[in-house]
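Written out below as structure tokens is the structure these notes cover.
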Amino acid sequence: MAKADLSAIQREAVQCIDQPVLIFAGAGSGKTKVLTHKIAYLRNEVGIPDDNILAVTFTNKAAREMSQRVVKLIDATASDSRYKAGPIWSPMLHSNGAVQVGTFHSICARILRKEIHHLGYKNDFVIYDADDQLRLLKMVLEQNEYDLDLHPPQHYRSVISRAKNGMKGPVDLATKAKGEEADIFTKYQEALKNSHAVDFDDLLLLPLDLFNNHPKILNRYRKTFQYILVDEYQDTNRAQFEFVKLLAQKHRHICVVGDDDQSIYSWRGADITNILNFEKEFPDAEVFKLEQNYRSTAIILDAAHAVVERNQNRADKKLWTERKGGEAIQIYALENEREEAEQIFNLIQEEVLSNKRRFGDIVILYRTNAQSRAIEDILRRRTIAYKIIGGIKFYERKEVKDAMAYLRLLVNPSDPVSLERIINFPPRAIGETSMNRLRTFAHERKIDLFKSLGSGLEAGIQVKQAGAMKDFKAMIKRYQGLALNKDRGSPAGPVDEYSGMESSSSSHNFGVDEVVTAFLEEAGLIAHFRNQETTEAHDRLENIKELINSIEEFHIENPGSTIRDFLEDVALLSDVDRWADDTNAVTLMTLHSAKGLEFPVVFLTGLEEGLFPLIRMNDDENDEEEERRLFYVGLTRTQDKAYITYAKQRRKWGSNTLETVMSRFIRELPDNLVEWKPLTSKEASKNGSRISSGDSRVYPKVGHPAPVVQGILDDFVIGAWVEHKLFGKGRIMGREGVADSLKLTVEFEGNKTKKLVAKYANLHRL
DNA sequence: TGAGAGTTTTTTTTT
DNA sequence: AAAACTCTCA
């Protein structure tokens, strides 16, 4: 029985279900285990139906993992076959009869998809990301004749977002002589609503409006979500707290798990008092503390504790482990960020060659995304397979966003941000002058921009331009029919339209990818890039193709899904969510992204005052305690061995090199747990690539071109067999480019040959 | 109107 | 150093 491997305290926490439960769960103390076992327990032992359970995680990846683990558990523990689990999680919004697992944002999006019409939005609303928000704000400011230089959109975005995070409306701003901010906030919010768009903060706030104004709906969801579990509770904000409170107030079957030492999102509005005051809100709460760590060595835990202990604002506690001792934390001081990267490379080599690690066992963590570049450079040059999480994101690239704007317009033509983005891209002779006239026209008549596209002449626009507008509108309408009707024509709900019915394949003369390709082709976007000879244009075209591939893939994975579902998926999935951790490659990510993950070998880089802890010059509220918690989170990702590096000089923005000072966090580490490694990589390479001072073995010189050492290259060598989710099994026939731009030519079964960008293709080595 | 040259800004972390 | 933004000229 799977329950046997729970500790006594874990079991108690699992079985306590009739009252509010607060679980303080330190790093690596098995909190996910408790949550998954609790779900299995509720289901199999207590007999709670699946859809009455709601589990909230911090990332979608965590949601996916959790549901996979629950399925395993359930199947293992269920003696009775009627308790066997089906697929209990799906990224799709309309999966009923299953445990709902997801992030606050995705769960709220699911609710809004069904209910938002009660608030006067179309259920086809779009989700605006930061860039879209900025564009909308800019439009609002211009429309209301604010001078953009005096009123930078950036500023108002952060003001509005901060207000929303604290659940404040325009009214709350107006009171403190911030009339303009309140005015802009109000107008921005109106514009969002008219555009049938919601921003990320609205995703959390609108369900609250819904619940507060429609008690019947609230009651319905209260009945549905009988048992609520929340992971990473220390990083919830006001709105999320209210959401949980509203739903759980009545039945009080609420279980939250968190660790105040790991609260690292206060800048996003996360409110640590949510966890510290849980007992105030739910006085009958039972509190459990999980203090045994199953992940790290004692050395790692002691070091992490020694640092975080200095925080004033924390509940006193200490993790313990049965893994006594361990390897000392190695600290390296390097000359500059290049040497730092070089040293990291040397150490990776050593770990892989002499300590038998896999590349996939290793993670490199840094405070800011910009730091990844130097490290990336070296790893690429040395042909070490690596994966970067975050940074320049695929779906944020201009050409990809452009293509998506076209798709968004199909779903929701009222979206002015998307319309403005592409009305003249690729150029179709509709310039600023014409658009200004159209905007004025639409504004006066109070119709949306898209509708007014047909009335160009009336708006006083030149014949040629007015014609171009009309054509554009007609094209969108045409593809609306093609792309959306086809999807709508399939049965509602998670019914498999590809379930082998012969008729369906014959009625589907083309796949989604072909419709989308045709659309983007006719829109001129594809031709625009194809007609340019530059490599840049070529890359952009590849990215658009990759986007189309992923649409097709999504559609096959989620039968019956619409383009709308795809767009939502893209809007809500984080980079960590997309991270395929089964490829054998070194992982690079920010400390924030690493939350919840663990690795045998961890590199903490850039330990310099001002960088980590990060200090922002023009911001007085530098939260040292939060930075320290971040260090704690980073170090406690380690299972076996941690390396800490810093550079004595670091370059900022290309040119000026700054002298740095070693981070206070290094000084805070107890001497007996660390080992200083003064040897720089320069000296090391002088010795003909010996790897470290304490190691007299001589390794083959690794330079350029790299000697072929088995396993040193990534998984995708020529001749290797791989599997693609969509195309099936195939063999790698060619490679070009390296790292992020590595492209593979793969011959799939059935003689289909495809060229794929390795980074996004999600290939699995067979 | 659109392409290309020249100029400015960016870097905190993310759902 | 790179991307985003502005300006200029055809």
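None of the values given here were measured: they were computed from a predicted structure.
Listed candidates were B/dT1, B/dT15, B/dT14. Nearest to the side chain of A/H105 is B/dT15. Looking at the side chain of A/Q465, the nearest of the listed nucleotides B/dT14, B/dT1, B/dT13 is B/dT1. Comparing B/dT12, B/dT14, B/dT15 by their closest approach to the side chain of A/T590 singles out B/dT14. Picking from B/dT13, B/dT14, B/dT1 the nucleotide with the shortest atom distance to the side chain of A/R268 gives B/dT14.
Of the possible polar contacts, one joining the A/N412 side chain to the A/S195 backbone as a donor-acceptor pair under 3.5 Å is found. Judged purely by atom type and a 3.5 angstrom limit, A/E115 has no side-chain atom pairing as donor or acceptor with the backbone of A/L210. With hydrogens and angles ignored, the 3.5 Å screen pairs no side-chain donor or acceptor of A/S418 with any backbone N or O of A/R408.
Phosphate contact (OP1/OP2 of B/dT14, side-chain N/O of A/S593, threshold under 4.0 Å): present. For B/dT1, one of the phosphate oxygens OP1 or OP2 lies less than 4.0 angstrom from a side-chain nitrogen or oxygen of A/S434.
Nucleotide B/dT11 holds its C1' atom 13 Å from the CH2 atom of A/W267, rounded to whole Å. Rounded to whole Å, the distance from CG on A/D132 to P on B/dT14 is 18 Å. One interatomic measurement links the two molecules: CG of A/D201 to P of B/dT14, which rounds to 16 Å at whole-angstrom precision. One can place CZ of A/R135 at 11 Å from C1' of C/dA4, the figure rounded to the nearest angstrom. As rounded to whole Å, 12 Å separates atom C1' of B/dT13 from atom CG of A/L611. Note: OH (A/Y366) to P (B/dT11) measures 16 Å, nearest angstrom. Atom-to-atom, CG of A/L630 to C1' of B/dT13 comes out at 8 Å; the value is rounded to the nearest Å. With rounding to whole Å, A/N369 atom CG is found 20 Å from C/dA1 atom P.
Between A/A370 and A/F104, the residue anchored nearer the 5' end of DNA chain B, judged by the nucleotide with its closest heavy atom, is A/A370. Both A/R373 and A/L204 sit near DNA chain B, but only A/R373 has its closest nucleotide nearer the 5' end.
No side-chain donor from either of A/E340 and A/Y646 sits under 3.5 Å from a side-chain acceptor of the other. A/R540 and A/N543 are not linked by any side-chain donor-acceptor pair at a separation below 3.5 angstrom, with hydrogens and angles left out of the test. Defined by atom type and a distance below 3.5 Å, a donor-acceptor pair is missing between the side-chain atoms of A/N237 and A/Y265. A/Q189 and A/D202 share a donor-acceptor pair across their side chains, judged by distance under 3.5 Å alone.
If you check every strand for non-hydrogen atoms under 4.0 Å, A/Y265 touches sugar and phosphate atoms only.
The same atom, P, is picked in C/dA4 and in B/dT13; the two are 15 Å apart, to the nearest Å. Rounded to a whole angstrom, the distance from the C1' atom of C/dT6 to that of B/dT11 is 22 Å.
Using cut-offs of 30° and 60° for the angle between ring planes, the A/H151 and A/Y146 rings count as perpendicular. Ring geometry for A/F425 against A/F529 counts as tilted: the plane angle lies between 30° and 60°, on a 0 to 90° scale. A/H196 and A/Y121 have perpendicular rings, their planes meeting at more than 60° on a 0 to 90° scale where under 30° would count as parallel.
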Problem set entry | Pairing annotation in dot-bracket form, given for DNA chain B with Watson-Crick or G-U pairs under 3.5 Å and | for cross-strand partners | ||||||||||.....
Taking N or O atoms only and anything under 3.5 Å, show me the protein contacts with nucleotides 2-7 of chain B, one pair per line.
| from | atom 1 | to | atom 2 | distance (Å) |
| --- | --- | --- | --- | --- |
| B/dG2 | OP1 | A/A429 | N | 3.3 |
| B/dG2 | OP2 | A/N424 | ND2 | 2.9 |

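In this structure, A/F200 does not pack face-to-face on the six-membered ring of B/dT15, missing the 5.5 Å centre cutoff or the 30° plane limit.
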